[in-house]
There are 2 protein chains.
Amino acid sequence: MPTATVEDYLKQIYLESGEKLLPMGQLATALDVTPGTATAMVKRLAASKMVLYQPYNGVQLTPQGKHTALDVLRRHRLIESFLVEVLKIDWADVHEEAEQLEHAVSPRLLDAIDSLLGHPQFDPHGDPIPDGGGDISHQSNQLLAECQVGSQYRIARIADQRNEFLHFLAKHNLRPGNLVTILSSDPASEAMTLRTDLAGNDVTLAITAASRILVCEP
Amino acid sequence: MPTATVEDYLKQIYLESGEKLLPMGQLATALDVTPGTATAMVKRLAASKMVLYQPYNGVQLTPQGKHTALDVLRRHRLIESFLVEVLKIDWADVHEEAEQLEHAVSPRLLDAIDSLLGHPQFDPHGDPIPDGGGDISHQSNQLLAECQVGSQYRIARIADQRNEFLHFLAKHNLRPGNLVTILSSDPASEAMTLRTDLAGNDVTLAITAASRILVCEP
DNA sequence: AGATAAATTTTGACTTCTCAAAAATATTAT
DNA sequence: ATAATATTTTTGAGAAGTCAAAATTTATCT
Ligand SMILES: [Mn+2]
Ligand SMILES: [Mn+2]
Ligand SMILES: [Mn+2]
Ligand SMILES: [Mn+2]
């Protein structure tokens, strides 16, 4: 069985490398280790056929590595859902918790969680949960920043999972599944204003921030 | 913060050494490591003031070590309770699960579990759950094997947590909290027969087995 | 092209955890 | 009291994971 560290490396490589090679520096930064540490680990990963490693060029998952990465991701996202739904842990805190728990849950326990939640398709941030066979749905959402003024959309996914941002979104009811109407979008001030409910609670945010909110048709 | 391994060592020393010194061999066997490994670890533990170590004699927790051990035990037993109550995991399986999860739950998550369960005093095996301050209730139960024939008792605690035994007990409704009446106890066959419910479902077991079931007055 | 800067790899070192096998110590039996 | 046995400690070794700093390679800029 892979160690917790190996699981985290594989998961990160999956999340950051889309088919392409992921540069070592980026991997090291994401995992908060020195570049040399990442190189050493990626060599071990390559020796065990989990990744393809091209020195000075980057790293990429093998099918085997991708399989493990998706398994870890499934555990991570199911746990996040569970923590929010059942234990009422704050939206913004579940990621850190899941980062540890993902390495400690057995397949049996994960099944129990999956059943209790009714086999959810998406986690609290709108990220898709891979199924037990390693399949993951890849839907195409649009950036809220690039949507039409006056139209209504459904929030689908949050692409920035930093604590402050999630807290801000939660405070203004901007969670996946909820509806928003774009009241205005002003290139001059680089801000847009949204209506988040019928009570007229509006919120204004930077277009850069709105580009981290993915939406779909209502 | 202590590593998972250190936590397991401290917990085990707590469980096996009652005020007295715990011999190295016993510790090594319990943790399934070689004697040399246990010695090496205990030396590190002694260097960090978690245990007192008397070479060739044994090991004992310091107040600081005991504090950590009780904290781990609290996590372990709350998690066991949670797995049984909320996730309906089998009685006999929760120990292994908790052995991993105890090192992965944050204080915040543990609090959420504790609240959801209503601050339970005992885990599914009847073992007392230390409170947040490190206090643990130490009640005196009697061995079912040494009880009066014809009398009724309440099962308080199971002192043998091997899978087969727990499965056997569960099948015959011999769980902490339930009532049993001793129908007979025969020194010749070294067996005793119990009535476990009103429907007349009786069960016969060895007196040695019954000595691992602790009971109290109903 | 040649120099400078940036990214990456190597090297040397350290901690934690582990085992196997040899050495030392303690216990038990004769 | 010796010898035999059991327990414990030491020694030597290795895997995993990490960092700091030096060396190397690649990319960028005159
Ligand atoms: Mn993780
Ligand atoms: Mn998520
Ligand atoms: Mn454990
Ligand atoms: Mn228990």
Side-chain angles (χ1 to χ4, degrees), chain A residues 1-14 16-17 20-62 64-65 68-69 72 96 99-100 102-104, chain B residues 1-14 16-17 20-62 64-65 68-69 72 96 99-100 102-104:
Chain A
M1 291 299 107
T3 64
T5 309
V6 164
E7 290 191 338
D8 283 339
Y9 272 83
L10 293 175
K11 186 180 55 168
Q12 203 59 47
I13 294 168
Y14 174 85
E16 301 221 9
S17 95
K20 284 173 281 291
L21 285 175
L22 175 67
M24 286 299 142
Q26 227 170 292
L27 179 59
T29 301
L31 292 168
D32 199 33
V33 294
T34 61
T37 299
T39 298
M41 173 57 95
V42 162
K43 279 182 175 179
R44 282 198 294 277
L45 258 25
S48 58
K49 311 285 185 203
M50 304 296 271
V51 304
L52 292 176
Y53 171 46
Q54 294 184 8
Y56 290 104
N57 221 306
V59 64
Q60 200 175 10
L61 294 178
T62 62
Q64 198 197 327
T68 302
V72 181
E96 290 164 81
E99 200 55 57
Q100 302 303 316
E102 65 190 355
H103 312 293
Chain B
M1 291 298 109
T3 64
T5 310
V6 164
E7 290 191 338
D8 283 339
Y9 272 82
L10 293 175
K11 187 180 55 169
Q12 203 60 45
I13 295 169
Y14 174 84
E16 300 219 13
S17 95
K20 284 173 283 288
L21 285 175
L22 175 67
M24 284 300 138
Q26 229 170 292
L27 179 59
T29 301
L31 291 168
D32 198 33
V33 294
T34 61
T37 299
T39 298
M41 173 57 96
V42 163
K43 279 182 174 177
R44 281 198 296 277
L45 258 25
S48 59
K49 310 288 184 201
M50 304 297 269
V51 304
L52 292 176
Y53 171 46
Q54 294 184 8
Y56 290 103
N57 221 305
V59 64
Q60 202 176 9
L61 294 177
T62 61
Q64 198 198 327
T68 302
V72 181
E96 291 164 81
E99 200 57 55
Q100 302 303 316
E102 66 190 357
H103 312 292

**Student:** Is the phosphate of C:dT10, meaning OP1 or OP2, less than 4.0 Å from a side-chain N or O of A:Lys43?
**Tutor:**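 Checking C:dT10 against A:Lys43, a side-chain N or O does come within under 4.0 Å of OP1 or OP2.
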
**Student:** Across the strands shown, which category fits A:Thr37 at heavy-atom distances under 4.0 angstrom: base, sugar-phosphate, nothing?
**Tutor:** base

**Student:** Of the listed nucleotides (D:dG17, C:dT9, D:dT10), which one gets closest to any side-chain atom of A:Met24?
**Tutor:** C:dT9

**Student:** Taking CG from A:Leu45 and P from D:dA16, how many angstroms apart are they, rounded to a whole number?
**Tutor:** 11 Å

**Student:** Using whole Å, report how far CE of A:Met1 lies from P of D:dA16.
**Tutor:**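 It is 15 Å, rounded to the nearest whole Å.
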
**Student:** If only side-chain N and O atoms count, and only distance matters, is there a donor-acceptor pair under 3.5 Å linking B:Gln12 with B:Glu16?
**Tutor:**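 Per modelled atom types, B:Glu16 and B:Gln12 side chains form a pair under 3.5 Å.
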
**Student:** Base, sugar-phosphate alone, or nothing: which one does B:Gly25 contact when heavy atoms must sit under 4.0 Å apart?
**Tutor:** sugar-phosphate

**Student:** Using whole Å, report how far CD of A:Gln26 lies from C1' of C:dT9.
**Tutor:** 18 Å

**Student:** Could you state the CD-C1' distance from B:Glu7 to C:dT16, rounded to the nearest angstrom?
**Tutor:**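 In whole Å, C:dT16 C1' and B:Glu7 CD are 15 Å from each other.
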
**Student:** Could you work out which one of C:dT16, D:dT18, C:dT9 sits closest to the side chain of A:Val33?
**Tutor:**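 When the side chain of A:Val33 is considered, D:dT18 is the closest of C:dT16, D:dT18, C:dT9.
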
**Student:** Is A:Asp8 close to A:Glu102 at the side-chain level, that is, under 4.5 Å between some pair of heavy atoms?
**Tutor:** yes

**Student:** Is A:Val33 close to A:Met41 at the side-chain level, that is, under 4.5 Å between some pair of heavy atoms?
**Tutor:**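 Counting from C-beta outward, A:Met41 and A:Val33 never come under 4.5 Å.
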
**Student:** Among the nucleotides D:dT9, D:dA16, C:dC17, which one has an atom lying closest to any side-chain atom of B:Tyr53?
**Tutor:** D:dT9

**Student:** Let me know the distance between CZ of A:Arg44 and P of D:dG17, rounded to the nearest Å.
**Tutor:**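 Taking CZ of A:Arg44 and P of D:dG17, I get 5 Å after rounding.
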
**Student:** Give a yes/no answer on whether the side chain of B:Thr5 brings an N or O atom under 4.0 Å of OP1 or OP2 in C:dC17.
**Tutor:** yes

**Student:** I'd like to check B:His103 versus B:Glu7 (side-chain heavy atoms, cut-off strictly below 4.5 Å). Are they in contact?
**Tutor:**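 They are in side-chain contact.
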
**Student:** Please give, in whole Å, the distance from D:dA16 P to A:Tyr9 OH?
**Tutor:**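 To the nearest whole Å, that distance equals 13 Å.
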
**Student:** Figure out the OH/C1' separation between B:Tyr56 and C:dT27, and round it to whole Å.
**Tutor:**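 Those two atoms, OH and C1', are 13 Å apart.
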
**Student:** Any side-chain heavy atom of B:Val51 sitting closer than 4.5 Å to one from B:Tyr9?
**Tutor:**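 Not in contact.
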
**Student:** Grab the CD-P distance between A:Gln12 and D:dG17 for me, whole Å please.
**Tutor:** 16 Å

